[in-house]
Amino acid sequence: MRTRPVILHLDLDAFFSAVEQLHKPSLRGKPVIVGGTGRRGVVATASYEARRFGVGSAMSIVEARRRCPNAAYLTPRFQAYRAASRVVMGLLAEVSPVIEQMSVDEAYVDLTPTRPGIDVPAVTELAEQVRHRIHETTGLTASIGVGTSKLVAKIGSDLNKPDGLTVVAPGTEREVLAPLPVRRLPGIGPATQERLHKYGMHTVGEVAAATEREIVGILGQSHGTAVHQHSLGIDNRELEPERDAKSVSAEETFASDLTDRRELMDHARRMAGRVVGRITKDGLCARTITIKVRSYDFSTITRSFTLDQPTDSLNKIMSCIRQLLDAVEVSDGIRLLGVGVAGLTDFAQTDLLSDLLAELGDDPDERLPDQTTDRTAGQTPDDTATGFGWTAELRDTDGTAPGTPHDWRPGQDVQHAERGPGWVQGAGLGRVTVRFEGPHTGPGPVRTFRTDDPDLAPAEAPTW
DNA sequence: TCTGGGGTCCTAGGACCC
DNA sequence: TCTGGGGTCCTAGGACCC
């Protein structure tokens with residue numbers, strides 16, 4: 001008989017804002033909100049102090065500011081979060097080599113191979129040790145759930161957060177799940193919740209009491225069987241430690257809607273450059289190119305094209321994007337543009353014809369995919385020449401043109417020639433306010449500088 | 001005061017081939 | 001000439017997750 005699985009799920013509490021509070025001592029114990037800070041920004045993470053004011057994930061920043069005007073509003077520092085994440089994942093690796101990292105702040109650990117048959121008291125102690133080690137090493141708090149499956153572990157980590165532990169004893173899965181709202185089951189979002197409510201099912205127990213046929217009738221074959229199994233506490237999914245990416249994309253919501261095709265193409269080229277940079281770094285090529293266009297009214301479409309051969313050529317991909325975008329109406333205003341690639345393979349099929357044509361000086365990149373002649377009305381002939389966006393090539397990776405003042409972002413790490421490391425507390429009207437403190441100092445003093453002060457420079461995030 | 005950015009998986013229809 | 005079924009690929013959209 002197979003040994004019963006023992007799965008641990010770890011979730012770092014209010015991760016982004018917790019890292020900010022560690023790096024910025026003056027913010028400890030205070031409401032901190034990390035997210036986009038523009039008019040169209042949303043909350044990525046609110047600290048627990050901010051959640052008390054009713055601020056939550058995905059809320060618009062404008063609404064958050066109304067509810068909690070005194071919070072610190074910071075733009076994300078992904079480098080710092082990735083660094084903290086690596087430390088935590090390293091600690092998990094000491095417990096078991098079988099880890100599936102779900103995101104920067106979440107992972108499953110399979111204890112079955114290293115701790116077969118471990119009992120509830122022992123696994124409770126182990127999980128507490130892990131939480132303690134994480135806090136000791138990073139200062140972060142984590143919530144952990146332990147159970148006989150990913151499903152139960154995941155739900156467990158949610159039951160006692162923040163800074164908590166739930167061990168679901170084998171055999172008690174159904175009774176633990178039964179009273180929970182259906183929404184707590186993974187895979188049940190607003191739409192599925194609504195459908196189940198319509199049939200009078202509000203708790204996991206109510207779904208479990210129905211037959212699989214009934215649930216399949218409501219949710220369809222695939223989703224229905226999974227949800228019904230989950231409601232019974234049954235989940236046979238294995239951990240998948242190494243998963244290859246299936247797609248890579250970049251998208252951007254503009255500060256105000258765009259109607260100019262050339263401007264849109266400039267943004268497309270910049271984003272495609274990021275996408276190509278990421279796939280070529282991994283030695284990958286892509287066959288399907290997708291654009292995503294969100295209009296002023298939030299209606300969203302995607303358009304895609306699949307090439308005969310995978311490519312990592314920015315020119316080829318841009319040629320594709322141009323044709324896809326040409327067929328989209330933009331005159332009413334575009335709020336968001338995205339570009340993505342899929343059909344990833346780790347080699348480019350050598351295209352003998354392209355190679356031959358390239359040798360003859362006829363660049364095939366400019367001819368793929370099949371060029372259509374019915375170009376959108378109103379475009380001038382020289383649009384083709386400028387359309388790829390020479391302006392984009394003059395920009396730094398952070399989008400700032402060289403030689404222009406930095407657009408200081410709240411939360412950003414900086415270095416002052418005399419005063420040392422600090423972070424941007426706010427900027428505007430030609431002034432930038434910096435607080436000089438770090439992970440290992442007490443709360444530090446604040447000074448204000450001109451935004452173009454030569455003594456002030458962007459800096460790397462502090463290390464752990 | 002409208003609603004980010006990075007993904008995964010599923011469905012459904014049409015094209016195309018056998 | 002009409003009528004099939006199955007399988008695969010492509011495209012578009014939607015639900016969901018962090």
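So that the names make sense, note that chain A is the first sequence line, chain B the second, and so on, each numbered from 1. Computed from a predicted structure; not experimentally measured. Reckoned from all heavy atoms, side chains included, excluding hydrogens, waters and symmetry mates.
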Quiz question: by atom type and distance under 3.5 Å, do the side chains of [X] and [Y] form a donor-acceptor pair?
| X | Y | value |
| --- | --- | --- |
| A:Gln425 | A:Arg435 | yes |
| A:Thr112 | A:Asp110 | yes |
| A:Gln309 | A:Thr311 | no |
| A:Asp13 | A:Ser143 | yes |

Looking across every strand, which nucleic acid part, if any, lies under 4.0 Å from [X] by heavy atom: base, sugar-phosphate, or nothing?
| X | answer |
| --- | --- |
| A:Arg303 | sugar-phosphate |
| A:Thr192 | sugar-phosphate |
| A:Arg67 | nothing |
| A:Arg195 | nothing |
| A:Glu106 | sugar-phosphate |
| A:Gly36 | nothing |
| A:Leu336 | sugar-phosphate |

Query raised in the report: Nearest nucleotide by nearest heavy atom, which residue falls closer to the 5' end of DNA chain B, A:Arg66 or A:Arg335?
Result: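 Closest to the 5' end, via its nearest nucleotide, is A:Arg66.
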Requested in this report: For A:His223 and for A:Arg294, find the nucleotide of DNA chain B with the closest heavy atom, then tell me which residue's nucleotide is more 5'.
Outcome: A:Arg294
Do the non-hydrogen side-chain atoms of [X] and [Y] ever get within less than 4.5 Å of each other?
| X | Y | result |
| --- | --- | --- |
| A:Val19 | A:Arg77 | yes |
| A:Val330 | A:Leu258 | no |
| A:Lys161 | A:Asp158 | yes |
| A:Ile321 | A:Ile289 | yes |

Query raised in the report: Using the P atom in both, what is the distance from B:dT3 to C:dC18, to the nearest Å?
Result: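 Straight-line distance between the two P atoms is 23 Å.
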Query raised in the report: Which nucleotide span of DNA chain C, 5' end to 3' end, has atoms closer than 4.0 Å to non-hydrogen atoms of chain A?
Result: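 Contacts span C:dC10 to C:dC18, reading 5' to 3'.
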Query raised in the report: Any idea how A:Phe78 and A:Phe16 line up, ring-wise: parallel (<30°), tilted (30 to 60°), or perpendicular (>60°)?
Result: perpendicular
**Report entry** Step-by-step salt bridge (Lys or Arg N to Asp or Glu O under 4.0 Å) determination, A:Arg40 to A:Asp257
**Finding:** CA-CA 11 Å; A:Arg40 289 176 164 176; A:Asp257 298 347; 2.9 Å; yes
Query raised in the report: Considering the options A:Val104, A:Thr141, A:Asp105, which one meets the side chain to side chain contact (heavy atoms under 4.5 Å, CB included) requirement together with A:Leu12?
Result: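 That would be A:Asp105.
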**Report entry** Within residues 235-257 of chain A: residues closer than 4.0 Å to DNA chain B (heavy atoms)
**Finding:** A:Arg243, A:Ala245, A:Lys246, A:Ser247, A:Val248, A:Ser249, A:Ala250, A:Glu251, A:Glu252, A:Thr253
Requested in this report: Can you run through DNA chain B from 5' to 3' and write each base as (, ), [, ], | or . depending on how it pairs? Watson-Crick or G-U wobble, both distances under 3.5 Å.
Outcome: ....||||||||||||||
Requested in this report: State the syn/anti category of B:dC2 according to its glycosidic angle, syn meaning within 90° of 0.
Outcome: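 Syn conformation for B:dC2.
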**Report entry** A:Thr306 vs A:Pro190, nearer the 5' end of DNA chain C by closest nucleotide
**Finding:**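 Going by which nucleotide is closer to the 5' end, it is A:Thr306.
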Query raised in the report: Just wondering, more than 12 heavy atoms not from A:Gln129 lying within 6.0 Å of its CD?
Result: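 Yes, because the 6.0 Å sphere around CD of A:Gln129 holds more than 12 heavy atoms from other groups.
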